[in-house]
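Just follow the structure's listing: the first ligand is 1, and inside any ligand the first atom is 1. FYI, side chains are in, hydrogens and waters are out, and symmetry mates aren't considered; it's all heavy atoms of this structure.
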Amino acid sequence: MRYISSRGDAPALSFDEVLLTGLALDGGLYVPEKWPRFDAAALRDMASLSYVEQVVRLTHPFVGKAIPEAAYADLVVDSYSAFDHDPVAPLVDLGGGIHLMELFHGPTLAFKDYALQLVGRLFNHVLESRGERVTILGATSGDTGSAAISGCVACPLVDVFMLHPKGRVSEVQRRQMTTVDAPNVFNIAIDDDFDCCQDLVKTLFNDTAFRNDMRLSAVNSINWARIMAQTVYYFSAALSLGAPEHEVSFAVPTGNFGNVYAGYAARCMGLPIKRLIIGSNHNDILTRFFDSGTMEMHEVTPSLSPSMDIQVSSNFERLLFDLYNRDGKRVTAAMAKFRESGRLKLDLECYRTAYELFSACCLDDEGTLAAIAQEYKNTGILLDPHSAIGVYAARQLGGDATAEGTPVVALATAHHAKFPEAVEEAIGMPPQIPESLAGLAGFKERFQVLPADVDAVAAYVREHAAVMAQTARGRGGESEGKTP
Ligand SMILES: *Cc1c(COP(=O)(O)O)cnc(C)c1O
């Protein structure tokens, strides 16, 4: 399997290269050159497999020769062994043709575990065969950091440095990161806000010498392997609801377009998906786009669903590449214009193609609280603010689908106990906190407080990254003149 850049001007890469690379050299995002296809017979065959077996069947074609299937299967089994539910991504009937897919049974109780548990192990495996190490550097306002740390704990060839804004991450999310006691995990609390943390990370990635010395890598949502892993739960849900005999629609709370793009990818692989319904919070760039055909950047303001507070949906470029018939030059021109003017307008034909598959709606904080309360009253099920937006979108826009008997699967992306304040505000009482979260209060927290100063962060990483020791050994004392 080869991967090509959405901007058409970077070398095609193999799976292991794409895994470690992240963004393409031309600024584009990698996509598979050709989708592996699963016909109706192959899908029927898969319906009786376990989740883990489905992961192997569906995603090994993306990995190809980079990892032999038996070794890959071992990694997959190990990745999902820490999930507390069988099946791994269970469905709950909400009535009215809507099914909730619970994607919060991983170690950090959010859907990012479904990808990051595997991605960490893939990194480690690929690095081992190459005799290399990497340093993962990231900034988090919550979910991504804890899921990335948890995914890398068991990966000795990967060091993780995760920046969070000091005092501005919820207590649960902070403890999920800082109570991890592992020699390759480094939490850094920055004395500033999340944007500043992100800027620090960006600056360090742009410092070529530092990036090369540290073998910097990222596990952000543009990483192809995350998308790949996320396609699987679309299959598992649809197969258990009667695919390939019946079509299924999905409603997805999304900001970066990562999760819903994985649904699109599943459809490209042969899954009969009728519609992909997007739910946004008041940072609604995607909803405005699918309503009008024009993507327009606005200011971001904080919401009750912080993991969807984004200004630009980075994974959207992957869809754009297909809408433009995989014409990388056209994508490059459109993205340059978007960066410059803050606007991207689709021509009518492309817009129509997108509109046939995607629809979108948004919900503000007040509506989100009302949706949590309503769903609790009607079904007794508690939703976190992100999941509530997905269910709302399913109920708003799934109508014509359900009328024809097409079930809608709404993705629950986090456990409600990760957002206890919002839940309490919605239903007037605090939710019960599961053992795995409540227990964190008893563990020692480990983090380093640093000022919002790029040199201070760089020095800390240099001092603690194991890759430095390896580089020094590898050079055998010879100076390559990289560090003054
Ligand atoms: C990250 C996250 C999302 C948004 O995911 P996208 O990559 O933007 O699709 C939604 N809900 C929760 C709970 C998240 O952690």
Side-chain angles (χ1 to χ4, degrees), residues 29 89 100-117 119 138-151 164 169-170 172-173 176-177 194 218-231 233-234 250-266 276-281 283-287 289-290 300 303-319 358 360 362-363 368 371-372 382-393 410-420 422-423 437:
L29 275 65
L100 190 71
M101 176 156 55
E102 295 179 349
L103 296 176
F104 48 70
H105 292 287
T108 73
L109 310 189
F111 88 97
K112 291 185 173 72
D113 290 331
Y114 288 72
L116 285 168
Q117 288 293 318
V119 168
T140 187
S141 56
D143 283 338
T144 308
S146 54
I149 287 171
S150 171
H164 70 263
V169 175
S170 82
V172 169
Q173 294 186 322
Q176 280 188 316
M177 296 190 282
F194 174 60
V219 289
N220 48 16
S221 86
I222 58 142
N223 192 296
W224 168 256
R226 282 181 64 174
I227 304 284
M228 171 190 93
Q230 288 171 201
T231 61
Y233 46 71
Y234 287 90
F250 288 89
V252 190
T254 188
N256 253 322
F257 205 72
N259 205 358
V260 74
Y261 178 79
Y264 170 81
L276 290 165
I277 300 166
I278 289 163
S280 321
N281 62 30
N283 297 303
D284 59 349
I285 184 166
L286 285 171
T287 298
F289 170 73
F290 283 104
V300 174
S303 76
L304 292 175
S305 41
S307 298
M308 308 197 310
D309 289 344
I310 56 97
Q311 187 177 33
V312 179
S313 307
S314 39
N315 272 292
F316 177 77
E317 182 168 336
R318 289 190 157 114
L319 176 68
F358 293 93
C362 65
L363 191 63
T368 302
I372 294 172
L382 271 177
L383 299 170
D384 94 282
H386 305 79
S387 310
I389 292 173
V391 170
Y392 170 83
L411 275 57
T413 51
H415 191 282
H416 62 262
K418 289 191 87 169
F419 301 91
V423 171
L437 287 186

Ala414 heavy atoms within 4.0 Å reach ligand 1 at atoms 13 (C)
Check each atom of ligand 1 against the heavy atoms of Asp143 and keep those under 4.0 Å away; list them by number with element. 12 (C), 13 (C), 14 (C), 15 (O)
Thr254 versus ligand 1: do any nitrogen or oxygen atoms come within less than 3.5 Å of each other? yes
Any N/O pair Ser221/ligand 1 closer than 3.5 Å: no
Nearest non-hydrogen protein atom, atom 4 (C) of ligand 1: Ser307 O, 3.8 Å
Paired with Phe104, the ring-ring contact (aromatic ring centres under 6.0 Å, His included) test is passed by just one of His415, His386, His416, namely His415
Under a plain distance cut-off of 3.5 Å, with no hydrogens placed, do Ser280 and Thr287 share a side-chain donor-acceptor pair? yes
Do Lys418 and Asp384 have side chains that approach each other closer than 4.5 Å (heavy atoms only, starting at C-beta)? no
In terms of side-chain heavy atoms, does Asn315 have a donor or acceptor partner in Ser221 at a distance below 3.5 Å? yes
For the residue pair Gln173 and Asp143, confirm or rule out a side-chain donor-acceptor distance under 3.5 Å. yes
Does a donor on one side chain and an acceptor on the other come within less than 3.5 Å for Asn259 and Tyr114? no
Parallel, tilted or perpendicular: ring planes of Tyr261 versus Trp224, cut at 30 and 60 degrees: perpendicular
Starting from atom 2 (C) of ligand 1, locate the nearest protein heavy atom and write down its residue, its atom name and how far away it is, to 0.1 Å. Lys112 NZ, 2.5 Å
of all protein heavy atoms, closest to atom 8 (O) of ligand 1 is Asn256 N, 2.6 Å
Is it the side chain (CB and beyond), the backbone, both or neither of Thr413 that lies under 4.0 Å from ligand 1, heavy atoms counted? both
Any side-chain heavy-atom pair of Leu304 and Phe419 under 4.5 Å: no
N/O of Asp384 under 3.5 Å from N/O of ligand 1, yes or no? no
Taking non-hydrogen atoms only, is Pro253 closer than 4.0 angstrom to ligand 1 via side chain, backbone, both or neither? backbone
Looking at ligand 1, does Phe111 have a heavy atom less than 4.0 Å from it? yes
Answer yes or no: does an N/O atom from Val260 fall short of 3.5 Å to an N/O atom of ligand 1? no
